[in-house]
Undergrad: 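My structure is below; once you've seen it, I'll send some questions.
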Amino acid sequence: MSSENGQAGGGAEGVPPEQLALIRESVRKAKTPRAKPRTWRGAALAKELPVARVLVDKGVLHLDRYFDYAVPEELDAEAQPGVRVRVRFGAGRHRVREGRREGGGLIDGFLVERLAESDYSGPLAALAQVVSPEPVLSEELLGLARAVADRYAGSLADVLQLAVPPRNARAEQRASPEPLPPPPAPEAGSWQRYERGAAFLESLASGGAPRAVWNALPGPQWSEELARAVAAALASGRGALVVLPDGRSVARVDAALTSLLGEGRHAVLTADAGPEKRYAQWLAVRRGSVRAVIGTRAAMFAPVQDLGLVALWDDGDDSHSEQHAPQPHAREVLLLRAAQDKCGFLLGSWACTVEAAQLVESGWARPLVAGREQVRGAAPLVRTVGDGDLARDEAARAARLPTLAWQAVRDGLRQGPVLVQVPRRGYVPRMACAVCRAPARCRHCSGPLETRDGGALCCGWCGREEGGWHCPECGSFRLRASVVGARRTAEELGRAFPAVPVRTSGREHVLDTVPGAPALVVSTPGAEPVAEGGYAAALLLDGWAMLGRPDLRAGEDALRRWIAAASLVRPQSAGGTVVVVAEPTLRPVQALVRWDPVGHAVRELAERAELGFPPVSRMAAVSGPGEAVADFLRTAELPPEAEVLGPVPLPVAAAGRPRRAGAPPPGEQWERALVRVPPGKGAALAAALKAAQAARMARGSGSGSGTGVWVRIDPADIG
DNA sequence: AGCACGCCGACT
DNA sequence: GTCGGCGTGCTC
């Protein structure tokens with residue numbers, strides 16, 4: 001053993017190891033600028049780079065930094081950057097047993113870097129174990145995770161939990177297949193329908209990094225178009241990654257890729273494969289055996305080597321929001337990836353989010369759109385029935401459905417399947433006066449009134465039951481809930497066309513496809529089956545419910561769901577007709593009629609900019625017990641531009657309902673403040689919130705102790 | 001979160 | 001003198 005590596009280093013010759021801890025204070029005072037790696041007696045250290053910088057795998061914010069450990073000689077070869085390690089961690093008793101210092105428990109971590117010296121002046125503990133020599137955490141993945149953690153005021157360890165799947169020894173032992181040579185560049189195919197479609201593919205195929213927001217034409221070609229974009233990136237010798245909102249869309253792109261490139265060129269990363277298979281797939285990607293990845297949101301971190309393209313389909317779908325801390329959105333993660341890896345970026349949807357419009361407006365991405373004549377050729381005819389029409393239409397009131405809608409369904413059923421889009425079950429709309437449409441509110445707390453399963457009218461905030469409601473505006477005693485009406489309407493439609501089969505698709509039972517024969521297909525938004533040859537008609541019944549939501553995204557969301565359903569309908573030239581039951585003067589309804597989701601998003605963006613709403617400004621939500629929120633806001637050193645809105649009381653959750661992350665426990669009164677910063681100050685806001693949170697945690701106001709707060713960047717359902 | 005260190009009052 | 005209270009701060 002060399003004295004340099006032994007406990008005798010640093011001028012503490014002859015001091016028994018137990019006493020080193022005692023003199024640590026004086027060592028620190030002496031401010032040894034760069035301590036030689038010292039460890040406790042006995043351990044011979046690696047000759048080269050004897051220090052391992054380790055990220056300790058604890059999602060706690062105040063531990064969100066690296067810790068240095070000594071590398072014992074026997075672990076030297078395996079202790080490479082990126083491997084999983086186990087280390088002793090914690091301010092436990094510094095017992096010395098069998099010549100080794102022990103303290104705290106063994107916890108997992110990642111080896112981030114090997115160094116010649118540590119800048120930590122205390123004695124280093126040794127790595128306890130290298131879990132496996134597989135370098136799972138590449139520099140790129142670490143950089144991405146760091147960027148995501150910073151963006152979302154979260155800890156690196158939390159993000160890595162999302163990015164690196166749990167180890168499976170059997171999968172690790174299996175050899176991954178040999179990589180295939182790049183395929184030839186694909187034909188442009190239906191990309192030719194877009195003004196810059198072919199150019200986009202050519203740029204990818206020749207090694208470029210084009211960035212586009214793609215407004216997809218209605219119809220089924222989108223999955224093949226995505227496959228061609230992947231093929232183009234592969235043709236350049238680089239990799240590609242596509243993130244999709246659900247298993248059905250993954251299956252479609254999977255099929256498109258297989259038919260375009262054959263088997264073996266792409267991996268499918270979804271949650272439903274078992275842990276061993278999933279990890280094996282992930283390893284094959286990391287090892288470079290497979291260069292293209294498709295999958296749902298967990299795939300956004302897939303360790304594709306030498307990325308040429310990241311693509312996302314339908315970013316407005318809320319399943320792109322990760323449910324686990326710090327709840328990153330796939331679009332934002334892929335944006336960070338594209339910036340970091342300098343690769344191509346493709347954000348595609350039939351609809352258009354405000355965020356997508358912003359990417360174009362800022363000049364970061366270019367629009368990839370079809371000309372108006374292409375849109376007219378691909379979209380169905382859209383007609384509206386508003387409340388006014390409904391009131392004037394005597395027959396409609398009796399039949400509970402406007403004449404126009406009946407006609408569309410009847411005519412459609414002569415040509416093929418007809419889609420009826422109804423609101424999700426369990427989705428509770430706001431109740432309103434049936435006469436004057438004034439929202440029905442709780443007389444105690446002004447919360448929204450809802451009907452429970454039993455049919456009783458209750459307040460959604462305070463839970464009080466409302467026995468004798470009458471409208472404070474017009475005195476009417478009649479309430480309206482269009483959701484109930486829509487379901488009943490769908491049932492009545494079925495009875496009205498007894499010769500036609502009725503098929504339903506919803507949360508519990510999602511149909512993938514339906515045949516091209518006449519049928520009524522009743523579906524909730526997002527569960528619409530694809531009809532062979534397209535639907536002859538669609539009836540969109542939940543407009544009132546969707547637009548009535550008190551959410552910033554209500555309009556955008558309603559339009560997106562309508563567009564998604566209407567995109568499954570045949571073009572107008574083939575007789576495709578869509579009837580939407582919603583007020584025709586409303587902006588999203590007009591955008592649907594004109595088939596102009598991009599225009600809608602651009603107008604929304606302008607409005608958000610004017611009002612200081614996200615995504616133009618960045619927002620964060622701070623929620624928790626009122627005292628904790630107030631204390632957090634008092635102590636946080638927010639950037640000077642930050643504006644604090646609230647705090648306001650959050651609705652009290654009724655018992656028995658599933659509790660979302662960041663929501664108060666049932667019966668507890670929480671408050672929520674929103675913090676807003678102007679464009680460009682998002683990073684500063686996140687950093688300030690993270691620092692404040694870390695300081696509070698270190699002081700013992702952890703989330704478990706009841707005084708903790710939840711911090712969420714880009715909160716959903718605001719205002 | 002744990003857990004040791006440290007600086008104050010009652011004890012053999 | 002010294003045992004032990006919990007308030008503070010660290011974990012390589």
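Keep in mind that this is a model prediction, so the values were computed, not measured. Letters go in sequence order (proteins before strands), and every chain restarts at 1. Below, all heavy atoms of this structure are taken into account, side chains as well, without hydrogens, waters or symmetry copies.
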Undergrad: May I have the distance from Phe89(A) (atom CZ) to dT11(C) (atom P), rounded to whole angstrom?
TA: 8 Å
Undergrad: Within a 6.0 Å radius of atom CD on Gln669(A), are there more than 12 heavy atoms belonging to other residues, nucleotides or ligands?
TA: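 For Gln669(A), atom CD is crowded (more than 12 foreign heavy atoms under 6.0 Å).
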Undergrad: Using whole Å, report how far CG of Asp64(A) lies from P of dT11(C).
TA: 16 Å
Undergrad: Just how far, in rounded Å, is C1' of dC3(B) from CD1 of Ile107(A)?
TA: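 In whole Å, dC3(B) C1' lies 15 Å from Ile107(A) CD1.
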Undergrad: Rounded to the nearest angstrom, tell me the gap between atom CG in Leu106(A) and atom P in dA1(B).
TA: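 Leu106(A) atom CG is separated from dA1(B) atom P by 22 Å.
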Undergrad: Rounded to the nearest Å, what distance is computed from the CZ atom of residue Arg65(A) to the C1' atom of nucleotide dC10(C)?
TA: 8 Å
Undergrad: Evaluate whether atom CD of Glu139(A) has more than 12 neighbouring non-hydrogen atoms of other residues, nucleotides or ligands under 6.0 angstrom away.
TA: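 No - once you tally the heavy atoms of other residues, nucleotides and ligands closer than 6.0 Å, there are 12 at most.
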Undergrad: Tell me whether Tyr120(A) and dC12(C) count as stacked here, given that the ring centres must be under 5.5 Å apart and the planes must differ by less than 30 degrees.
TA: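 Stacked: ring centres under 5.5 Å, planes under 30°.
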Undergrad: NZ of Lys58(A) versus C1' of dT11(C): gap in Å, rounded?
TA: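 Nearest whole value for this atom pair: 9 Å.
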Undergrad: Among Gln80(A), Arg167(A), Arg286(A), Gln173(A), which one satisfies side chain to side chain donor-acceptor pair (under 3.5 Å) with Glu134(A)?
TA: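 Of the listed residues Gln80(A), Arg167(A), Arg286(A), Gln173(A), the side chain to side chain donor-acceptor pair (under 3.5 Å) partner of Glu134(A) is Arg286(A).
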Undergrad: For a side chain to side chain donor-acceptor pair (under 3.5 Å) check, start with the C-alpha distance between Tyr279(A) and Glu172(A), then their side-chain angles and the critical distance, and finish with the verdict.
TA: CA-CA 8 Å; Tyr279(A) 190 52; Glu172(A) 222 164 61; 2.7 Å; yes
